[in-house]
Protein chains: 2
Amino acid sequence: MVAFDVGGTDVKAALVDETGRIVELLRRPTPLDGERTGDAVIAATVALLDDFRRAHPEIRPMAAGLVVPGHVDEARGVGVLAENLGWREYPFRDLATQSLGIPVSFSHDVRAAGEAEYRLGAAKDFRDVVVIAIGTGIAGAIFIDGTLFTGGGMAGEIGHSRVADGPECACGGRGCLEAVASAAAIARRYTALSGVPVAGSREVLERARAGDPAAGRIWDSALDALALDLSHTVALLAPEAIVIGGGLAQAGDALFLPLAERLEGILTFQRRPVLLAARIGENAGVIGAALRARELLDVVDPGPDPAPVRERAR
Amino acid sequence: MVAFDVGGTDVKAALVDETGRIVELLRRPTPLDGERTGDAVIAATVALLDDFRRAHPEIRPMAAGLVVPGHVDEARGVGVLAENLGWREYPFRDLATQSLGIPVSFSHDVRAAGEAEYRLGAAKDFRDVVVIAIGTGIAGAIFIDGTLFTGGGMAGEIGHSRVADGPECACGGRGCLEAVASAAAIARRYTALSGVPVAGSREVLERARAGDPAAGRIWDSALDALALDLSHTVALLAPEAIVIGGGLAQAGDALFLPLAERLEGILTFQRRPVLLAARIGENAGVIGAALRARELLDVVDPGPDPAPVRERAR
């Protein structure tokens, strides 16, 4: 299989053999080209597949997995909208299938990463799970009784839950979780408060630990917002486990211990979820894409005529 | 079928014929007896079944549906906890099956009412739905892709989502939706603010309309809290429809119009749910219980020996 994870800055591609092992991982800058970004992404995947074929002629990829950010309609195979990447109603699945010449599974990056954690990583022992990625943004993947729930591609947008009176969010809302507690927001809010530029949320945490009161205030408010949002998720869905990944999760105990404590301070009779750090890490998206590609092979019966294969691959 | 909906004040019982028509509906005060309330409820269902049999000897109920409030574990058939009714880990399904002598389906009152709305009422045209009952308390039933999701009996407890800094909630939490916006809370908070006793939330609404500023404040804060909570539900689950029932829904447009407007004021890119008033009304619980009882008959093959029937009825 071959798997592609299209991000805001780069495209990650993995060549995966029949046993599920990653044979090679490549990374290229995402070809941002305004409204033509969709076409440029497809062209990039074709070039990456060619590179894999040249470097590993012994491996013949039979299916591809492609995941992208934004609003994704998995049922139709369409990238509905990714504001910062430029496409709108772009039929990724069909165009990638044509261009790559193999069946393509198309899905959402956070949901694919969530599936990797759900099937192979931190959440594999549970059936009702929410996997949350906290990085530049905040989004989640919801597993209900063993099945990913996409809500027409709109479920799991917990980054855009209102948890405070402010600040303004890129989505046009106010007080969204993502505007308070994403890794990017923590760095941005600290700089706005202190006037001190920082490399990222990790530096804000370090400054908070060193006694910087502005950093402590920003870090605390992010933890409060995350705990409040998790408490809403628990009240509504009562998941057995909540897995947190993305850049912020790398803070480890500095995130998980105070978060669990604050969540416990809000909950009363509700079922307590196990709070877990994501295990698969930054390749979860591309591994999730490969899992989807493999599923495609499981249902495809490769006959002499490639056309019905593509049909069934939907 | 015969169906029982056990509430905090009364037990509703319905005799339903093969066509699904309610032949007779009886209502008795709930036999509150501390820790023995579970046993007393079972005895009441037996007496009600006897009454139905005497009044309608031509109908032979072949299965029963029993629904109760509180924390219900449907898989085990156990009423885990109902603080104001007194039972704890009470094996309703097995004891009712023994005492009634017919297969019994046991479930949660709000989820059963939700199923009635989902299958026969306001939500029947949708697959991803949240049905919310707002009365003395607030709780919801979640349908994901056509299936009720119970979360081990703990999902849908949206009444205990924190939406404000106060007031204290009966669950021990603070700022729970139920403590701000349930019909009971609206009446209680108005009286606390104004010193004026009222019959219920309807009277608070009438006073708000007549220009009473205290009533307006309480009503507005309840609408704000409900809209905020719905916005969280939308961000997380992106349901196609949200159905609201229970006493407060009887306010009609006075509830639904400002609620929709406030929700719209919070949401940005999210999928907009259709907001619908429950259609089935106060008998939704007992109708949901009857639906569950009918399901039991669908899977039961009544043979000469009753024992295996009971076994399979689980």
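Convention: sequence-line order gives letters A, B, ...; per-chain numbering from 1.
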> Do other residues, nucleotides or ligands put more than 12 heavy atoms under 6.0 Å from the CZ atom of A/Arg36?
Replying inline: no
> Any salt bridge (Lys or Arg N to Asp or Glu O under 4.0 Å) pairs touching residues 159-174 of chain B, not counting sequence neighbours?
Replying inline: none
> What option among B/His232, B/Glu240, B/Arg127 has the most heavy-atom pairs under 4.5 Å with chain A?
Replying inline: B/His232
> Which atom names give the shortest non-hydrogen contact between A/Thr268 and B/Cys171, and what distance separates them?
Replying inline: OG1-SG, 3.2 Å
> Between B/Ser231, B/Gly173, B/Gly156, B/Pro239, which residue shows the highest count of heavy-atom pairs closer than 4.5 Å to chain A?
Replying inline: B/Gly156
> Checking heavy atoms, do the side chain of A/Leu228, its backbone, both or neither come under 4.5 Å from chain B?
Replying inline: side chain
>> If you count heavy-atom pairs within less than 4.5 Å of chain A, which of B/Ala238, B/Cys176, B/Ala139, B/Gly175 leads?
In response: B/Ala238
> Hey, what do you get for CG (A/Asp145) to OG1 (B/Thr150), rounding to the nearest 0.5 Å?
Replying inline: 8.0 Å
> Would you say B/Arg188 has more than 12 foreign heavy atoms packed within less than 6.0 Å of its CZ?
Replying inline: yes
> How far does NE2 of A/His160 sit from CZ of B/Phe269, to the nearest 0.5 angstrom?
Replying inline: 4.5 Å
>> Surrounding CZ of B/Arg88 (heavy atoms of other residues, nucleotides or ligands, distance under 6.0 Å), is the total greater than 12?
In response: no
>> For A/Leu236, which atoms come within 4.5 Å of any heavy atom of chain B: side chain, backbone, both, or neither?
In response: both
> Would you say B/Asp128 and A/Phe149 make side-chain contact, with heavy atoms under 4.5 Å?
Replying inline: yes
>> Other residues, nucleotides and ligands only: do more than 12 of their heavy atoms fall within 6.0 Å of CD on A/Glu89?
In response: yes
>> Taking side chain as everything from C-beta outward and backbone as N, CA, C, O, which of these in B/Ile142 sits under 4.5 Å from a heavy atom of chain A? Side chain, backbone, both or neither.
In response: side chain
> NE2/A/His71 to CZ/B/Arg271 distance, rounded to the nearest 0.5 angstrom?
Replying inline: 8.0 Å
